[in-house]
There are 2 protein chains.
Amino acid sequence: MQAIDILKQLKEKGVRFTPQRQAILEYLLGTDTHPTAEDIYNHVKAKFPGVSLGTIYNTLNMLKEHGHILELSYGDMSSRFDGNPENHYHVVCTDCGKVVDYHRPLLTMEDEVSEKTGFKVMGHRIEFYGVCPECQEALLH
Amino acid sequence: MQAIDILKQLKEKGVRFTPQRQAILEYLLGTDTHPTAEDIYNHVKAKFPGVSLGTIYNTLNMLKEHGHILELSYGDMSSRFDGNPENHYHVVCTDCGKVVDYHRPLLTMEDEVSEKTGFKVMGHRIEFYGVCPECQEALLH
DNA sequence: CTAGATGCAAATGATTTGCTAGAAT
DNA sequence: ATTCTAGCAAATCATTTGCATCTAG
């Protein structure tokens with residue numbers, strides 16, 4: 001789905017359509033780099049020099065709450081945002097922090113976990129940790 | 001393994017044995033609640049009223065670097081620490097933040113991920129998200 | 001017009017760091 | 001006697017919040 005369509009859909013719910021929001025969402029949908037809020041800020045600043053980080057966070061939180069993007073939080077580092085809201089897995093470089101998608105059939109273990117723990121399980125997340133090809137290369141020198 | 005044994009082992013590596021460290025590690029090994037640094041701080045304060053949060057963090061980082069404990073980071077919330085350093089999975093309550101262990105055979109997907117992505121995959125992590133029995137109960141009232 | 005959004009700056013909260021006195025070896 | 005650690009306070013950094021101004025509807 002395009003940024004404009006998502007924002008039109010949100011307008012039905014009383015969320016205003018602003019050019020900043022359009023720029024933020026377009027960038028997120030058009031990249032597979034899982035940018036941080038700061039990455040997005042730097043990119044959007046090219047078109048809207050006056051934009052503030054507060055607006056970036058505000059927009060990202062709004063989009064997340066409506067289920068249009070995912071936030072990937074990694075403890076110490078800043079969160080990364082994913083324009084694909086469908087559950088899928090990620091491979092994270094422990095060296096440079098890069099995150100790449102890993103698509104495969106989802107684990108069907110949630111019911112089993114619910115039964116065994118009594119939790120009402122609503123979702124799950126898998127991350128693989130390793131060193132990306134570029135960092136492996138860099139480590140050789 | 002007991003706290004004392006781990007600390008004796010670390011002494012060989014030049015890490016000093018202090019009563020604060022012993023108290024921190026003993027608490028971590030004796031609980032399955034995955035406490036936060038603050039939880040540990042509050043507990044250790046009972047025995048060492050003068051202990052500081054800095055010491056807690058310092059000790060936790062030292063233990064983590066030597067592979068004796070795990071840090072579980074969850075974006076917004078504070079990290080939780082696990083005295084069991086073997087990889088195992090967790091179920092997290094999205095309501096109260098409680099974390100419980102979920103033991104099952106580990107996923108054997110790391111080689112496949114390595115092949116498909118070019119990453120040198122060293123580990124992985126799975127979290128299930130849901131609502132714990134207590135919070136389900138609370139939501140009824 | 002007017003509720004909701006922006007931009008800015010100040011606040012927050014977890015974690016880290018710098019420093020001095022103190023304790024472990 | 002050295003060197004690492006504890007305790008404390010100040011610093012850091014990502015993210016949030018308060019508020020006055022502005023703008024989409």
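Residue numbers begin at 1 in each chain, while the letters A, B, ... track the order of the sequences. Because only heavy atoms are used, hydrogens play no part in the values below, and waters and symmetry mates are left out as well, while side chains stay in.
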*Okay, side chain of A:Thr94, backbone of A:Gly130: is any donor-acceptor separation there less than 3.5 Å?*
yes
*On DNA chain D, nearest-nucleotide positions of B:Gly50 versus B:Gly14: which is more 5'?*
B:Gly14
_Pairing donors with acceptors under 3.5 angstrom, does anything connect the side chains of B:Thr36 and B:Asp39?_
yes
*With no hydrogens and no angle check, is any side-chain donor or acceptor of B:Gln136 less than 3.5 Å from a backbone partner on B:Val131?*
yes
_Would the distance check show the side chain of A:Arg21 and the main-chain N or O of A:Val15 forming a donor-acceptor pair, the cut-off being under 3.5 Å?_
no
*Is a side-chain N or O of A:His88 found less than 3.5 angstrom from the main chain of A:Glu86, in a donor-acceptor match?*
yes
*Counterpart residues, ring-ring contact (aromatic ring centres under 6.0 Å, His included), relative to A:His34 (two or more places apart)*: A:His90
*asked:* I need the CD-C1' distance between B:Glu12 and C:dT25, as an integer number of Å.
replied: 13 Å
*For the pair made of CD1 in A:Ile56 and P in C:dC8, what is the distance, rounded to whole Å?*
12 Å
*Where B:Leu70 and B:Asn84 come nearest, the two heavy atoms and their spacing*: CD1-O, 3.4 Å
*asked:* Just to be sure I understand the geometry, which residues of residues 64-73 of chain A put a non-hydrogen atom under 4.0 Å away from DNA chain C?
replied: none
*Rounded to the Å, how far apart are B:Leu53 CG and C:dG13 P?*
14 Å
*asked:* Among residues at least two apart in sequence or on other chains, which ones pass ring-ring contact (aromatic ring centres under 6.0 Å, His included) with B:His43?
replied: B:Tyr27
*asked:* Going by the rule side chain to side chain donor-acceptor pair (under 3.5 Å), which residues pair with B:Tyr74 if we only count those two or more places apart in sequence or in a different chain?
replied: B:Glu127
*Send over the distance from B:Phe81 CZ to C:dA14 C1', rounded to a whole Å.*
10 Å
*For atom OH of A:Tyr41 and atom P of C:dC8, their distance in whole Å*: 8 Å
In a table with atom names and distances, give each donor-acceptor pair under 3.5 Å that connects a side chain of residues 56-63 of chain A to protein atoms at least two apart or in another chain.
| residue | atom | partner | partner atom | Å |
| --- | --- | --- | --- | --- |
| A:Thr59 | OG1 | A:Thr55 | O | 2.9 |
| A:Asn61 | ND2 | A:Tyr57 | O | 3.3 |

*Considering heavy-atom distances to DNA chain D, does A:Asn61 or B:Gly54 have its closest nucleotide positioned more toward the 5' end?*
B:Gly54
*Respond yes when some side-chain nitrogen or oxygen of A:Asn58 is under 4.0 Å from OP1 or OP2 of C:dT6, and no when none is.*
yes
*B:Glu112 and A:Tyr102: side chain donor to acceptor below 3.5 Å*: yes
*Whole angstrom is fine here: how far is it from NZ in A:Lys13 over to P in C:dG4?*
16 Å
*Between A:Leu106 and A:Phe128, is there a shared hydrophobic cluster once you connect ILVMFWY residues whose side-chain heavy atoms come closer than 4.5 Å?*
yes
*asked:* Within the 4.5 Å heavy-atom criterion, are B:Val100 and B:Asp32 side-chain neighbours or not?
replied: no
_Along DNA chain D, first and last positions that approach a heavy atom of chain A under 4.0 Å_ = D:dA14 to D:dG25
Between protein and nucleic acid, restricted to nucleotides 10-12 of chain C and to nitrogen or oxygen atoms under 3.5 Å apart, what atom pairs and distances do you find?
none

*d(CZ, A:Phe48; C1', C:dT6) in whole Å*: 12 Å
*Please, which pairs that meet salt bridge (Lys or Arg N to Asp or Glu O under 4.0 Å) have at least one residue in residues 131-141 of chain A, sequence neighbours excluded?*
A:Lys98-A:Glu134
_Residue list, side chain to side chain donor-acceptor pair (under 3.5 Å) with B:Tyr41, at least two apart or on another chain_ = none
*Strand contacts (DNA chain D) in residues 16-26 of chain B, 4.0 angstrom heavy-atom criterion*: B:Arg16, B:Thr18, B:Gln20, B:Arg21
*Can you list every pair that meets salt bridge (Lys or Arg N to Asp or Glu O under 4.0 Å) and has a residue in residues 42-68 of chain B, with sequence neighbours left out?*
B:Lys64-B:Glu71
*Whole Å only: how far is the OH atom of A:Tyr57 from the C1' atom of C:dG7?*
16 Å
*Taking DNA chain C as the partner, which of residues 33-40 of chain A come within under 4.0 angstrom of it by heavy atom?*
none
